Amino acid sequence: MTQDEMKKAVAEAALEYVQSGWIVGIGTGSTANHFIDALAKMKSRIDGAVASSEASAERLRGHGIEVMDLNSAGPLPIYVDGADEATKYLHLTKGGGGALTREKIVAAASETFICVIDETKQVDYLGAFPLPVEVIPMARSHVARALVGMGGNPVLRENFRTDNGNVILDVHGLRIMNAVELESEIDHIAGVVSNGLFARRPADVLLVGTATGVTKLTA
Ligand code: 5RP
């Protein structure tokens, strides 16, 4: 089974958590795209969706699913999204697609966060995947110096702006032993909008697509 087949299988498994009449929070990335495609099959039974990126909003609209504003739709019963890394504590690194801030907002506004990954994303410690940090452009150098002070090696994501008009620093070289603490510490640097650690609000359910089927971990 290819990695993409595992992503598709796990995304389809998440459909089981969606109930009729709900407005569904939707993540960003290739696994979230598989979920959007699966959700289209039951679109007449849901009331709409809130997207964590312009790309996901466009894909949802392409399937004829109504995309709503979080301010009028929230709080939401469910949020479904992928991740770049996940631990057995359901702590995540996200933001490979650069949508981390909106993803964090929609996850925070949702009752249940279902994270859907393929088995290659499971790790003992977060940090091998460079940690994305969204930064206000004028604070780029200041934030980069602070991240170096924390032991990281921040690299500016080239030719990239987030949906919020900001830049991303991808921080290499971190072996994250306390994700909750580091998430707060990075958020407190002036100029940081948010960072890709999802530990203060981890996933509630982690579905993992493996070569032999989908497994489930809960918090
Ligand atoms: C986007 C994300 C994605 O969930 C993460 O990058 C995983 O992507 P994919 O499902 O394509 O492997 O956080 O900002």
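Whatever order the structure lists ligands and atoms in, that order sets their numbers, starting from 1. Just so we're clear, the structure is a prediction, and the values are computed from it rather than from any experiment. Residues: numbered from 1 along the sequence shown.
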_For S53 and R102, which I'm curious about, is there any donor-acceptor pair between the side chains at under 3.5 Å?_
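There is no such pair between these side chains.
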Checking T2 against D4: is there a side-chain donor and acceptor pair closer than 3.5 Å?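 No.
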Pull out every atom of ligand 1 sitting under 4.0 Å from any heavy atom of [X], numbered as shown with elements.
X: G82; value: 4 (O)
X: G97; value: 1 (C), 6 (O), 14 (O)
X: G29; value: 11 (O)
X: G96; value: 6 (O), 13 (O), 14 (O)
X: G95; value: 2 (C), 13 (O), 14 (O)
X: K7; value: 9 (P), 11 (O), 12 (O)
X: E103; value: 1 (C), 2 (C), 13 (O), 14 (O)
X: G98; value: 14 (O)

Quiz item: Which pair of heavy atoms, one from R201 and one from A107, lies closest together, and at what distance?
Solution: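 Between these two residues, the closest heavy atoms are NE-O, 3.1 Å.
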Protein heavy-atom partner closest to [atom] - residue, atom, separation in Å:
atom: atom 5 (C) of ligand 1; answer: D84 OD1, 3.1 Å
atom: atom 10 (O) of ligand 1; answer: T31 OG1, 2.6 Å
atom: atom 3 (C) of ligand 1; answer: T28 O, 3.2 Å
atom: atom 4 (O) of ligand 1; answer: K94 NZ, 3.0 Å
atom: atom 9 (P) of ligand 1; answer: S30 OG, 3.3 Å

query: For M177, does the CE atom have more than 12 heavy-atom neighbours from other residues, nucleotides or ligands under 6.0 Å away?
result: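 For M177, atom CE is crowded (more than 12 foreign heavy atoms under 6.0 Å).
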- Query: Just wondering, more than 12 heavy atoms not from D124 lying within 6.0 Å of its CG?
  - Reply: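 No, because the 6.0 Å sphere around CG of D124 holds 12 heavy atoms or fewer from other groups.
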Ligand 1 to [X] polar contact by distance, N or O atoms, under 3.5 Å:
X: A32; result: no
X: A99; result: yes
X: L100; result: no

task: Could you see which bit of I117 sits under 4.0 Å from ligand 1, with heavy atoms only: side chain, backbone, both or neither?
output: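 Contact part for I117 vs ligand 1: neither.
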- prompt: Is it the side chain (CB and beyond), the backbone, both or neither of A83 that lies under 4.0 Å from ligand 1, heavy atoms counted?
  reply: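 Near ligand 1, A83 shows its backbone, while the atoms from C-beta on stay back.
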- Quick one: does G27 get within less than 4.0 Å of ligand 1, heavy atoms only?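 In this structure, G27 fails to qualify as a contact of ligand 1 - no heavy atom is under 4.0 Å.
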Checking side-chain contact (heavy atoms from CB on, under 4.5 Å) for the pair I46/I23: CA distance, chi angles, key distance, verdict? CA-CA 6 Å; I46 60 167; I23 298 171; over 6 Å; no
Less than 4.5 Å apart, any side-chain heavy atom of [X] and any of [Y]?
X: I176; Y: Y125; answer: no
X: R145; Y: R140; answer: no
X: Y79; Y: D204; answer: no

Check whether any side-chain N or O of [X] sits under 3.5 Å from a backbone N or O of [Y] as a donor-acceptor pair, and report yes or no.
X: E134; Y: S194; value: no
X: D118; Y: T120; value: yes
X: K94; Y: E85; value: no

